[in-house]
S.K.: 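Before I ask anything, here is the structure I am working with.
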Amino acid sequence: MSFADCFYTGYEMPKLTDMTNREIAEVFEQVADLLEFEGANPFRVGAYRNGARKISDLPEPLSAIVDDEQRQLTDIDGIGKDLAEKIGTLLATGSLPMLAELLERIPSTVLALLRVPGLGPKKAAILYQELGVNSLEDLRNVCEAEQVRGLKGFGAKTEATILKGLAVAETALERMRWVEADAVVTELLDFLRQHAGIKQMEMAGSYRRGCETVGDLDVLVEAADASAVMDHFGNYPEIADVLACGDTKMSVRLAHGLQIDLRVVPSESFGAALQYFTGSKDHNVVVRGRAKQQGLKVNEWGVFREDAQEAETYLAGRTEEDVYAALGLPWFPPEVREAREEFDWASQGALPQLVELADIRGDLHMHTSASDGKASLTEMIEAARARGLQYIAITDHSQRVSMAGGLDGARLRAQWAEIDRIRKEFDDIVVLKGIECDILERGGMDLPDDVLAEADWVIASVHYGQRQSREQITERILGALENPHVDILAHPTGRLINRREPYAVDIDQVFVAASKHGKFLELNANPARLDLHDIHCAAAKRHGIPIVISTDAHSPAGLEVMRHGVQQARRGGITPADVANARSWEKFRGLLEQKY
DNA sequence: GCCGTTTTCGGCCCGACTGTTTTCAGTCG
């Protein structure tokens, strides 16, 4: 059927493309990079970057907004007439003429130059125009030939800085997972604390905001003698390179590539600096914009009233609470400082009371040595009880996961008989007879319905056929959600942070189906998974789907990761009421029986 | 390119540090 046929028969043309929000955001990011390289108006560049971020933060697909006649793309903050048109073009055709034109003028390979620390768009453009530098390899050659130092605005030191930066860019350092950064932080703070002059110390930046990955570390210190603190920091054995060292700031790179920025401030500025360096950048832009409207100025030193004759009066800065209060704002938990919804919540006086680790009463996903766990049933139960949990579910793998020794119906029923026996020994913890049942490649569940019907708790999950098409894998998962015995979908997108992309699943359809059939969705707390991620948590909440935060523990120590899941949930604005396993056993049982 | 309790033009957060500079541009967070 041709286009014309569709027109005349009224047949609805199928969508030509299926671009996801993320793919569209990536196009805008690339446009921003290329425009920046061309020396375009920085605010125009910023508009593309901001648009890209707003799109990737969106809890629903852009196509859903386009298809809805009641709504406009321009309703999205940061998306104006022009970007809305470009989104339309991308959804309709899968490509953007503007990007093609930019790529005709600038080879995309030059963008690699921007990854070199110390090299921004201006210097990179000069290198490209004057010396024809087109890749990291070219860059190394011209530096080693000492051609760079002759350029206007460059010198021998810049050349040396670029050579150092090249080593960083060539290793393409990826952002560290939060849990790995946490290990570095523990050691670092232990070392810094040895200095007696430190009165107060806090981590800031993306680490404090609990981001799933961390690009660098920001340490904030209150001390009277800044240079003494920096001297002490300079002796930290892991330091490979000192990048900068001034009166109040010192930047270093550790041997494995991680950058650490240390700031030393006086007591009256500690809160302001903590607010400032915690970010996010976008959150701070909004904070400063608000200050400006009120005739105030905010920087890392405090909140100031701008008086006549360029004089300034210090208003606040000792604590973060003071800083926000001076601007008429509540204190925001660091996890929500992303310029997403937090300012709307504040203006409505409805900042959510975010879930905390202490709210968690149950853990509904864990393995034993019956499949690929490291500990026995009794050991897992005892470990959960020692953590004060009221209820748990034992959920070993099903038979399809042969590598993990998955259980068939007979072995599973034997395990349940053992649970029945053991239950009598533990009267202070409820142990549910569960299973993590695979969703088969061809669709359908890995165990027969009569087995699943006997379970207290059925987790459905995908382990095989992860690379299936969007249609195939979505169909499989929707099929599982329609099964009356299934209670929850585990690790709904299958992603492994920095290691494996999510399945191609249409997650929006999963939300709709989960809500329709009264199924829970898991936030898998394993720090390599954190699946659902923060935006998806917020989306699930919008759909009214209770989230279950689970450790997927394979040993008693594995129960420890619950805190990572809670942190991720907080980033999604999740409260105890949104988390099924933050309820008492009685209330959780009610939720389960009624399919919420 | 976006936006509006300075609303259709003229703004757009703010400061530290470095290197190549003779007063500042570039980069970074």
S.K.: For the backbone of A/Gly302 and the side chain of A/Asn299, can you confirm whether one donor and one acceptor N or O come within less than 3.5 Å of each other?
M.R.: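 Indeed, once roles are kept as given, a pair shorter than 3.5 Å links the two residues.
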
S.K.: Between B/dG1, B/dC17, B/dT27, which one does the side chain of A/Lys249 approach most closely?
M.R.: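 Nearest listed nucleotide: B/dC17.
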
S.K.: Can you check the A/Arg209 CZ to B/dG29 P distance for me, whole Å?
M.R.: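 It works out to 13 Å between those atoms.
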
S.K.: Measure NZ/A/Lys281 against C1'/B/dG15 and give the value in whole Å, please.
M.R.: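 From A/Lys281 NZ to B/dG15 C1': 14 Å.
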
S.K.: Are the side chains of A/Phe37 and A/Tyr128 in contact, using a 4.5 Å heavy-atom criterion?
M.R.: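 In short, these two side chains touch, coming nearer than 4.5 Å.
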
S.K.: Sub-3.5 Å donor-acceptor pair from the side chain of A/Glu36 to the main-chain atoms of A/Val45, do we have one?
M.R.: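 No; judged by distance alone, with no hydrogens or angles, the pair does not exist.
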
S.K.: Roughly how far apart, to the nearest Å, are B/dC13 and B/dC3 at atom P?
M.R.: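 Each nucleotide's P atom is 14 Å from the other's.
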
S.K.: CD of A/Gln294 versus C1' of B/dC13: gap in Å, rounded?
M.R.: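 It works out to 15 Å between those atoms.
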
S.K.: Whether the side chain of A/Asn50 and the base of B/dG1 hold a donor-acceptor pair under 3.5 Å is what I'd like checked.
M.R.: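 Under the 3.5 Å cut-off, the side chain and the base do not form any donor-acceptor pair.
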
S.K.: Can you tell me if A/Thr109 uses its side chain to pair, donor with acceptor, with the backbone of A/Asn134 under 3.5 Å?
M.R.: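 Judged by distance alone, yes, a pair lies under 3.5 Å.
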
S.K.: Using the P atom as the point on both nucleotides, what is the distance between B/dT8 and B/dG4, in whole Å?
M.R.: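 Taking atom P in both B/dG4 and B/dT8, they lie 12 Å apart.
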
S.K.: Which listed nucleotide (B/dT18, B/dG19, B/dC13) is nearest to the side chain of A/Phe43?
M.R.: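 Nucleotide nearest to A/Phe43's side chain: B/dC13.
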
S.K.: For A/Gly246 and A/Gly289, find the nucleotide of DNA chain B closest to each by heavy atoms; which residue's nucleotide sits nearer the 5' end?
M.R.: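 The answer here is A/Gly289.
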
S.K.: Which nucleotide in the set B/dG19, B/dC3, B/dG1 lies at the smallest distance from any side-chain heavy atom of A/Asn41?
M.R.: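 Within the option list, the nearest is B/dG1.
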
S.K.: Tell me whether the OP1 or OP2 atom of B/dA16 has a side-chain N or O from A/Trp301 closer than 4.0 Å.
M.R.: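 Yes, because at least one side-chain N or O of A/Trp301 sits under 4.0 Å from OP1 or OP2 of B/dA16.
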
S.K.: For a quick test of reading the model: is some side-chain N or O of A/Asn299 closer than 4.0 Å to OP1 or OP2 of B/dG15?
M.R.: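 For B/dG15, OP1/OP2 do have a side-chain N/O of A/Asn299 under 4.0 Å.
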
S.K.: So does A/Lys86 get a side-chain nitrogen or oxygen closer than 4.0 Å to the phosphate oxygens (OP1/OP2) of B/dG1?
M.R.: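 Answer is yes, contact under 4.0 Å.
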
S.K.: Please determine if a side-chain N or O atom of A/Lys297 lies less than 4.0 Å away from the OP1 or OP2 oxygen of B/dG15.
M.R.: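 Checking A/Lys297 against B/dG15: at least one side-chain N or O falls below 4.0 Å of OP1 or OP2.
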
S.K.: DNA chain B: A/Ala124 or A/Ala156, which has the more 5' nearest nucleotide?
M.R.: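 In this pair, the answer is A/Ala156.
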
S.K.: Of the listed nucleotides (B/dG26, B/dG1, B/dG29), which one gets closest to any side-chain atom of A/Gln259?
M.R.: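 The closest nucleotide is B/dG29.
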
S.K.: Over all strands shown, is A/Ala272 touching base, sugar-phosphate only, or nothing at heavy-atom distances under 4.0 angstrom?
M.R.: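 Nothing: the residue A/Ala272, judged by heavy atoms under 4.0 Å, touches no strand.
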
S.K.: From CD1 of A/Ile162 over to P of B/dG26, roughly how many Å is that when rounded to an integer?
M.R.: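 Whole-Å distance recorded here is 14 Å.
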
S.K.: Please give, in whole Å, the distance from B/dT27 P to A/Asp261 CG?
M.R.: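 These atoms are roughly 18 Å apart.
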
S.K.: Can you figure out which of B/dC14, B/dG15, B/dC17 approaches the side chain of A/Thr248 most closely?
M.R.: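 Output: B/dC17.
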
S.K.: What residue among A/Asp182, A/Asp216, A/Asp218 forms side chain to side chain donor-acceptor pair (under 3.5 Å) with A/Tyr207?
M.R.: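 That would be A/Asp182.
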
S.K.: What is the distance, rounded to the nearest whole Å, between atom CG of A/Asp247 and atom C1' of B/dG15?
M.R.: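 My rounded result for the distance is 13 Å.
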
S.K.: On the nucleotide B/dG11, are OP1 or OP2 found under 4.0 Å from the side-chain N or O atoms that A/Lys292 carries?
M.R.: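 It does not, given that no N or O in the side chain of A/Lys292 lies less than 4.0 Å from OP1 or OP2 of B/dG11.
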
S.K.: What are the two closest non-hydrogen atoms of A/Arg495 and A/Gln568, and how far apart are they?
M.R.: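 For A/Arg495 and A/Gln568, the tightest heavy-atom pair comes out as NH2-NE2, 3.8 Å.
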
S.K.: Just the rounded figure in Å: distance from C1' of B/dG26 to CZ of A/Phe154.
M.R.: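 The answer, rounded to whole Å, is 10 Å.
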
S.K.: Determine the interatomic distance between P on B/dA25 and the same-named atom on B/dT21; round to the nearest Å.
M.R.: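 These two P atoms come out 13 Å apart once rounded.
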
S.K.: Kindly point out which of B/dT27, B/dG1, B/dC13 is positioned nearest to the side chain of A/Pro121?
M.R.: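 The listed nucleotide nearest to A/Pro121's side chain is B/dT27.
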
S.K.: Taking all atoms of both residues into account, what is the closest heavy-atom pair of A/Arg140 and A/Leu166, and its distance?
M.R.: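 That would be CA-CD1, 3.6 Å.
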
S.K.: For B/dG11 and B/dT6, measure between their P atoms and round to the nearest Å.
M.R.: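 It comes out at 15 Å once rounded to the nearest Å.
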
S.K.: Please determine whether a side-chain nitrogen or oxygen atom of A/Arg288 lies at a distance below 4.0 Å from atom OP1 or OP2 of B/dC13.
M.R.: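 For A/Arg288, the contact criterion (side-chain N or O under 4.0 Å from OP1 or OP2 of B/dC13) is not met.
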
S.K.: Could you work out the separation of B/dC12 and B/dT7 based on their C1' atoms and round it to a whole Å?
M.R.: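 Pairwise C1' distance, B/dC12 against B/dT7, rounds to 15 Å.
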
S.K.: If we take the P atom in both B/dT23 and B/dC17, what is their distance in whole Å?
M.R.: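 Between the two P atoms, the distance is 23 Å.
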
S.K.: Can you tell me the base-pairing partner of B/dT8? Count Watson-Crick or G-U wobble geometry only, both distances below 3.5 Å, and say none if there is no partner.
M.R.: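 When the pairing criteria are applied, nothing turns out to pair with B/dT8, so the answer is none.
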
S.K.: If you compare every side-chain N and O of A/Ser251 against the phosphate oxygens of B/dC17 (OP1, OP2), does one of them come in below 4.0 Å?
M.R.: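 For B/dC17, OP1/OP2 do not have a side-chain N/O of A/Ser251 under 4.0 Å.
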
S.K.: Looking at B/dC3, B/dG15, B/dT20, which one has an atom nearest to any side-chain atom of A/Asp77?
M.R.: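 Nearest to the side-chain atoms of A/Asp77, counting from C-beta on, is B/dC3.
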
S.K.: Which value, in whole Å, describes the distance between the C1' atoms of nucleotides B/dT20 and B/dG26?
M.R.: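 Here B/dT20 and B/dG26 have their C1' atoms 11 Å from each other.
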
S.K.: Tell me the closest heavy-atom pair linking A/Glu338 and A/Cys211, and the distance in Å.
M.R.: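 That would be OE2-SG, 3.9 Å.
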
S.K.: Rounding to an integer number of angstrom, what distance separates B/dC14 and B/dC9 when you compare their P atoms?
M.R.: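 25 Å, rounded to whole Å.
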
S.K.: With heavy atoms under 4.0 Å as the rule, sort A/Val298 into base, sugar-phosphate or nothing.
M.R.: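 Here A/Val298 touches the backbone only, sparing every base.
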
S.K.: Once you round it to whole Å, what is the distance between P of B/dA16 and OH of A/Tyr276?
M.R.: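 Value for this atom pair: 9 Å.
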
